[in-house]
*Asks:* 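Structure in structure tokens, see below.
Note that the coordinates shown come from a computational prediction; the quantities given were computed from them, not determined experimentally. Atoms considered below: every heavy atom in the structure, side chains included; atoms not considered: hydrogens, waters and symmetry mates.
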Amino acid sequence: MTKAELRKIYLARKKDLPADIRIDNSKRIAARLFERFDLTQVNYLHCFISIERFNEIDTKPIFEKLWQDFPKIQTVVPRVDAETNEITNLKFGRDTQLSRNSWGIEEPSHHEYVDADRIDIVLVPGLCFDRQGHRVGYGKGFYDRFLKRCRPDCVTIGLSYFEPIEKIDDVHEGDVAVAFVVTPEAVRTGSGRDQSPLSPQKIGTLK
């Protein structure tokens, strides 16, 4: 199926998830992430702030675990530059004040940016992924453009409520596959960039 067809299906599936199932699955995704990946050499980790009204994966358990158990890791979150339509990275911690942008999405109020080439791991949102790590998002291409600016050794990990499908039919050269996909059920390997000395030997190692 095409991205447009899959987007329609998985938006509906995500919308129909009961709150208790969504919360439980989010916790299971977080648990699998920390159980299966070695984060000891990570300095900067990018993760999205969940949009609750869209029933997105709740990333609060991920942030809380990072802040508690991996205090040396600087967590950063996305801000979309309205002029360039590019994702920038803002430092984010437990005490960071948030405000809503023009899309009604929460983001840090400050302007402490981190360059994309400093990031070691990106946790990538997606409505669904295929077995090669290609994703269906909301159709704006923000993350594809952002991931192209990250280092070749940056480990990309998709987060999804749903198991990967066999194939997305209309993948094109502008799409960037992720190296791994974490679901409530398992950690799957995609075809994204994970060939550097930092991964899989040091970052992104499956335990």
*Asks:* Spell out, as yes or no, whether a donor-acceptor pair under 3.5 Å connects the side chain of Arg135 to the backbone of Val124.
*Replies:* no
*Asks:* Check this for me, if you would: do Arg149 and Asp115 make a salt bridge, where the nitrogen-to-carboxylate-oxygen distance has to be below 4.0 angstrom?
*Replies:* no
*Asks:* Report yes if some heavy atom in the side chain of Phe142 is under 4.5 Å from a heavy atom in the side chain of Asn85; otherwise report no.
*Replies:* yes
*Asks:* Hey, mind stepping through His111 and Arg79 against side chain to side chain contact (heavy atoms under 4.5 Å, CB included) and telling me if it holds?
*Replies:* CA-CA 10 Å; His111 299 282; Arg79 170 185 287 169; 3.1 Å; yes
*Asks:* Does atom CD of Glu106 have more than 12 heavy-atom neighbours, drawn from other residues, nucleotides or ligands, at distances under 6.0 Å?
*Replies:* yes
*Asks:* Answer yes or no: is there a side-chain heavy-atom contact under 4.5 Å between Ile168 and Leu6?
*Replies:* yes
*Asks:* Okay, side chain of Asp175, backbone of His172: is any donor-acceptor separation there less than 3.5 Å?
*Replies:* yes
*Asks:* Among the clusters formed by ILVMFWY side chains lying less than 4.5 Å apart, do Tyr138 and Ile51 turn up in the same one?
*Replies:* yes
*Asks:* Measure across Lys14 and Leu127 and return the closest heavy-atom pair with its distance rounded to 0.1 Å.
*Replies:* CE-CD2, 3.3 Å
*Asks:* According to a 4.5 Å side-chain heavy-atom criterion applied to Ile, Leu, Val, Met, Phe, Trp and Tyr, with indirect links allowed, do Leu17 and Ile165 form part of one hydrophobic cluster?
*Replies:* yes
*Asks:* Just wondering, do His134 and Lys167 contact through their side chains at under 4.5 Å, heavy atoms?
*Replies:* no
*Asks:* Are any side-chain N or O atoms of Thr156 and backbone N or O atoms of Ala179, one a donor and one an acceptor, separated by less than 3.5 Å?
*Replies:* yes
*Asks:* State whether a side-chain donor-acceptor pair under 3.5 Å links Tyr161 with Arg13.
*Replies:* no
*Asks:* Heavy-atom distance under 4.5 Å between the side chains of Asp24 and Ile21, does that happen here?
*Replies:* no
*Asks:* Test of understanding: with side-chain contact (heavy atoms from CB on, under 4.5 Å), list the residues that count as partners of Asp81, not counting sequence neighbours.
*Replies:* Glu83, Thr84
*Asks:* Does the side chain of Ile9 come within less than 4.5 Å of Met1's, by heavy atoms?
*Replies:* yes
*Asks:* Determine yes or no for a side-chain-to-main-chain donor-acceptor pair under 3.5 angstrom, with Arg32 supplying the side chain and Val182 the backbone.
*Replies:* no
*Asks:* Please name the pair of heavy atoms, one in Ile29 and one in Ser160, separated by the smallest distance, quoted to 0.1 Å.
*Replies:* CD1-O, 3.4 Å
*Asks:* Identify whether the distance between the nearest side-chain nitrogen and carboxylate oxygen of Glu163 and Arg188 falls below 4.0 Å.
*Replies:* yes
*Asks:* Would you check, one step at a time, whether the test side chain to side chain donor-acceptor pair (under 3.5 Å) holds for His46 with Arg118?
*Replies:* CA-CA 10 Å; His46 170 113; Arg118 300 185 70 182; over 6 Å; no
*Asks:* What pair of heavy atoms forms the shortest contact from Cys154 to Val122, and how long is it?
*Replies:* SG-CG2, 3.6 Å
*Asks:* Using the rule given for side chain to side chain contact (heavy atoms under 4.5 Å, CB included), can you reason through Phe34 versus Asp69, listing the C-alpha separation, both sets of side-chain angles and the distance that settles it, and then say yes or no?
*Replies:* CA-CA 10 Å; Phe34 290 104; Asp69 294 351; over 6 Å; no
*Asks:* Pairing donors with acceptors under 3.5 angstrom, does anything connect the side chains of Thr59 and Ser50?
*Replies:* yes
*Asks:* Roughly how far, to the nearest 0.5 Å, is the CD1 atom of Ile73 from the SG atom of Cys47?
*Replies:* 11.5 Å
*Asks:* Supply the atom-to-atom distance Asp38 CG to Gln41 CD, rounded to the nearest 0.5 angstrom.
*Replies:* 7.0 Å
*Asks:* Can a donor-acceptor pair be found, under 3.5 Å and without considering hydrogens, that links the side chain of His110 to the backbone of Lys91?
*Replies:* yes
*Asks:* Pair Leu123, Leu33 - check side chain to side chain contact (heavy atoms under 4.5 Å, CB included), show working.
*Replies:* CA-CA 10 Å; Leu123 303 183; Leu33 178 73; 3.9 Å; yes
*Asks:* Run the salt-bridge test on Arg22 and Glu56 with the 4.0 Å N-O cut-off and return the result as yes or no.
*Replies:* no
*Asks:* Does Arg151 come within less than 4.0 Å of Asp120, counting only side-chain N to carboxylate O?
*Replies:* yes
*Asks:* Shortest non-hydrogen contact from Asp58 to Pro61?
*Replies:* O-CD, 3.4 Å
*Asks:* Would a distance-only check, ignoring hydrogens and angles, find a side-chain to backbone donor-acceptor pair under 3.5 Å from Asn89 to Pro78?
*Replies:* no
*Asks:* For Thr96 versus Pro108, what's the shortest heavy-atom pair and its separation?
*Replies:* CG2-CB, 3.6 Å
*Asks:* Surrounding NZ of Lys15 (heavy atoms of other residues, nucleotides or ligands, distance under 6.0 Å), is the total greater than 12?
*Replies:* no
*Asks:* What distance separates Ser26 OG from Asn55 CG, expressed to the nearest 0.5 Å?
*Replies:* 9.5 Å
*Asks:* Give me the atom names and distance for the closest heavy-atom approach of Glu107 to Asn101.
*Replies:* OE1-ND2, 3.3 Å
*Asks:* Under 4.5 Å between side-chain heavy atoms, counting indirect links through other Ile/Leu/Val/Met/Phe/Trp/Tyr residues: same cluster for Phe70 and Phe63 or not?
*Replies:* no
*Asks:* Decide yes or no for Ile49 and Leu98: does some side-chain heavy atom of the first lie under 4.5 Å from some side-chain heavy atom of the second?
*Replies:* yes
*Asks:* Find the distance between OG1 (Thr88) and OH (Tyr113) and round it off to the nearest 0.5 Å.
*Replies:* 4.5 Å
*Asks:* Any chance the rings of Tyr143 and Phe48 have centres within less than 6.0 Å?
*Replies:* no
*Asks:* Would you call Arg94 and Glu64 a salt bridge, taking side-chain N to carboxylate O under 4.0 Å as the test?
*Replies:* yes
*Asks:* With a 4.5 Å heavy-atom cut-off, do Thr75 and Tyr44 have their side chains touching?
*Replies:* no
*Asks:* If two hydrophobic side chains count as joined below 4.5 Å and joins carry through other members, does Leu45 share a cluster with Leu90?
*Replies:* no
*Asks:* Within the side chain of Thr2, is there an N or O that forms a donor-acceptor pair under 3.5 Å with the backbone of Asp170?
*Replies:* no
*Asks:* Applying a strict under-4.5 Å side-chain criterion to I, L, V, M, F, W and Y, I'd like to know whether Phe92 and Leu159 cluster together.
*Replies:* no
*Asks:* Does the pair Thr183 and Phe162 meet the rule for a side chain to side chain contact (heavy atoms under 4.5 Å, CB included), with working shown?
*Replies:* CA-CA 6 Å; Thr183 73; Phe162 311 108; over 6 Å; no
